[in-house]
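Below is one structure; the comments refer to it alone.
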Amino acid sequence: MDFSPLTDALASKSYDKISDICDQLMLKLAAEGVPFQDEWPYAIHLLGHIYINDINSARFLWKSVPAAVKENQPEVVAVWRVGQRLWTHNYAAVHEALRAFDWSQETRVLVAAFSELYTKKMFQMLLSAYSTISIQDTALFLGMSEDDAANYVLQQGWIFDPASRMLTVKKQPIVTEQKLDSSRLQRLTEYVFHLEH
């Protein structure tokens, strides 16, 4: 079985391509009638879908994983625990599920990349959803200790009130690009000219 496209994607850190590569390889092997279930990298495949936030596809893949694989490969079950937390929108528990397993060398890099991406996504969610939030809740969402979470958000310009243990969210300025319409500029010029004369 040739897993070189998958190996290359992992080596080049093209994590967003992993699920598609695995899907295509799986379809190709199934079409050729090649038995692959025992050797298939289910943990990597599931993580590939989770990485691109395609939880529906991860869920369907999980349902297709043979029972023997689920029983004999605890890492596959651990990956699906992460997927379950995402499926049920239990955002804080995603970090717990990521830390709860001793990942193999093959999956460790992908898990770390997903964890970093997920933390950034949670930060953006907090940024858009809150004007103030407790340091405890912030730490849960970011999957960090309270001190680490405080340092992380303070670097983004948030303000911490030690008395109330609350953070004030610093909203990012919205940059809008204004396009100059020459006809509007011409009308404005004519209007100003008319007022002056």
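Source: prediction; values computed, not measured. The residues of the chain are indexed from 1 along the displayed sequence.
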Show your reasoning for whether salt bridge (Lys or Arg N to Asp or Glu O under 4.0 Å) applies to E96 and R85. CA-CA 10 Å; E96 293 171 16; R85 301 322 186 266; over 6 Å; no

Run S104 and E106 through side chain to side chain donor-acceptor pair (under 3.5 Å) and show every step you take. CA-CA 5 Å; S104 67; E106 295 82 33; 3.2 Å; yes

Stepwise, does the side chain to side chain contact (heavy atoms under 4.5 Å, CB included) test hold for W62 with Q84? CA-CA 10 Å; W62 171 252; Q84 285 175 310; 5.9 Å; no

Side chain to side chain donor-acceptor pair (under 3.5 Å) between S4 and D2: does it pass, once the steps are laid out? CA-CA 6 Å; S4 59; D2 181 21; 2.8 Å; yes

Side chain to side chain contact (heavy atoms under 4.5 Å, CB included) between T132 and V169, intermediate numbers included: CA-CA 6 Å; T132 59; V169 177; 6.0 Å; no

Could you walk me through whether Q24 and K28 pass side chain to side chain contact (heavy atoms under 4.5 Å, CB included), step by step? CA-CA 6 Å; Q24 295 302 320; K28 180 182 176 201; over 6 Å; no

Working note: T107 + V79, criterion side chain to side chain contact (heavy atoms under 4.5 Å, CB included); need CA distance, chi angles, decisive distance, verdict. CA-CA 10 Å; T107 58; V79 170; 5.7 Å; no

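No side-chain heavy atom of L167 sits less than 4.5 Å from a side-chain heavy atom of S134. Side-chain contact between F160 and M166 is absent, with no heavy-atom pair separated by less than 4.5 Å. A 4.5 Å side-chain heavy-atom check between D54 and S19 finds every atom pair outside the cut-off. Using a 4.5 Å heavy-atom cutoff, the side chains of E146 and Q136 are in contact. In this structure, I18 and L10 have side chains that are in contact, with non-hydrogen atoms separated by less than 4.5 Å. Taking the side chain as every heavy atom from C-beta outward, L126 and T138 approach each other to under 4.5 Å.
Note that CG of L61 and CD1 of I55 are 11.5 Å apart. Values are rounded to the nearest 0.5 Å. The OG atom of S57 sits 6.5 Å away from the CG atom of D23 when rounded to the nearest 0.5 Å. Interatomic distance, CG of L29 versus CD of E39, reported as 9.5 Å (0.5 Å rounding).
Clustering ILVMFWY residues whenever any of their side-chain heavy atoms sit less than 4.5 angstrom apart, transitively, puts L140 in a cluster other than the one holding L127. Tracing side-chain contacts under 4.5 Å through hydrophobic residues (I, L, V, M, F, W, Y), one reaches Y152 starting from L154; they form part of the same cluster. Tracing side-chain contacts under 4.5 Å through hydrophobic residues (I, L, V, M, F, W, Y), one reaches I21 starting from M26; they form part of the same cluster. Side-chain heavy atoms closer than 4.5 Å link hydrophobic residues (I, L, V, M, F, W, Y) into clusters, and following such links, even through other members, never connects F60 to L27. A chain of hydrophobic side-chain contacts below 4.5 Å, direct or via other Ile, Leu, Val, Met, Phe, Trp or Tyr residues, connects F114 to M125.
Scanning for ring-ring contact (aromatic ring centres under 6.0 Å, His included) contacts around Y130 gives an empty result, with sequence neighbours left out. The side-chain hydrogen bond (donor to acceptor under 3.5 Å, both in side chains) search around E116 returns K120, not counting sequence neighbours. Residues satisfying the ring-ring contact (aromatic ring centres under 6.0 Å, His included) criterion with Y51, sequence neighbours excluded, are Y15.
At distances below 3.5 Å, not a single donor-acceptor pair connects side-chain atoms of H95 with backbone N or O atoms of M144. Remark: the backbone N or O of F3 is paired with a side-chain donor or acceptor of T7 at under 3.5 angstrom. Between the side chain of S145 and the backbone N or O of D148, at least one donor-acceptor pair lies under 3.5 Å. Distance alone, capped at 3.5 Å, places no donor-acceptor pair between the R81 side chain and the F101 backbone. With hydrogens and angles ignored, the 3.5 Å screen pairs no side-chain donor or acceptor of W103 with any backbone N or O of A112. The main-chain N or O of G143 is never found under 3.5 Å from a side-chain atom of Y118 such that the two would form a donor-acceptor pair. With hydrogens and angles ignored, the 3.5 Å screen pairs no side-chain donor or acceptor of D137 with any backbone N or O of I133.
In terms of heavy-atom proximity, G48 sits nearest to L110 at N-CD2, 4.3 Å. Nearest heavy-atom pair, V111 versus L47, reported as atom, atom and distance to 0.1 Å: CG2-CD1, 3.7 Å. Here the shortest heavy-atom pairing between L142 and A149 reads CD1-CB, 4.4 Å. In terms of heavy atoms, Q156 sits closest to K170 at O-CD, 4.0 Å. Residues L46 and A58 share a closest heavy-atom pair of CD2-O, 3.3 Å.
Between H49 and H45, the angle of the ring planes stays under 30°, which puts this pair in the parallel group of the 30/60° scheme.
Looking at T88 and N90, their side chains never bring a donor and an acceptor atom within 3.5 Å of each other.
Under a cut-off of 6.0 angstrom, the local environment of CG in D102 is sparse, with at most 12 non-hydrogen atoms contributed by other residues, nucleotides or ligands. Atom NZ of K121 sits in a sparse spot, with 12 or fewer heavy atoms from other residues, nucleotides or ligands closer than 6.0 Å.
The aromatic ring centroids of W80 and Y42 lie 6.0 Å or more from each other.
Annotation: cation-pi geometry not satisfied between K171 and W158 (NZ/CZ under 6.0 angstrom from ring centroid, within 45° of ring axis).
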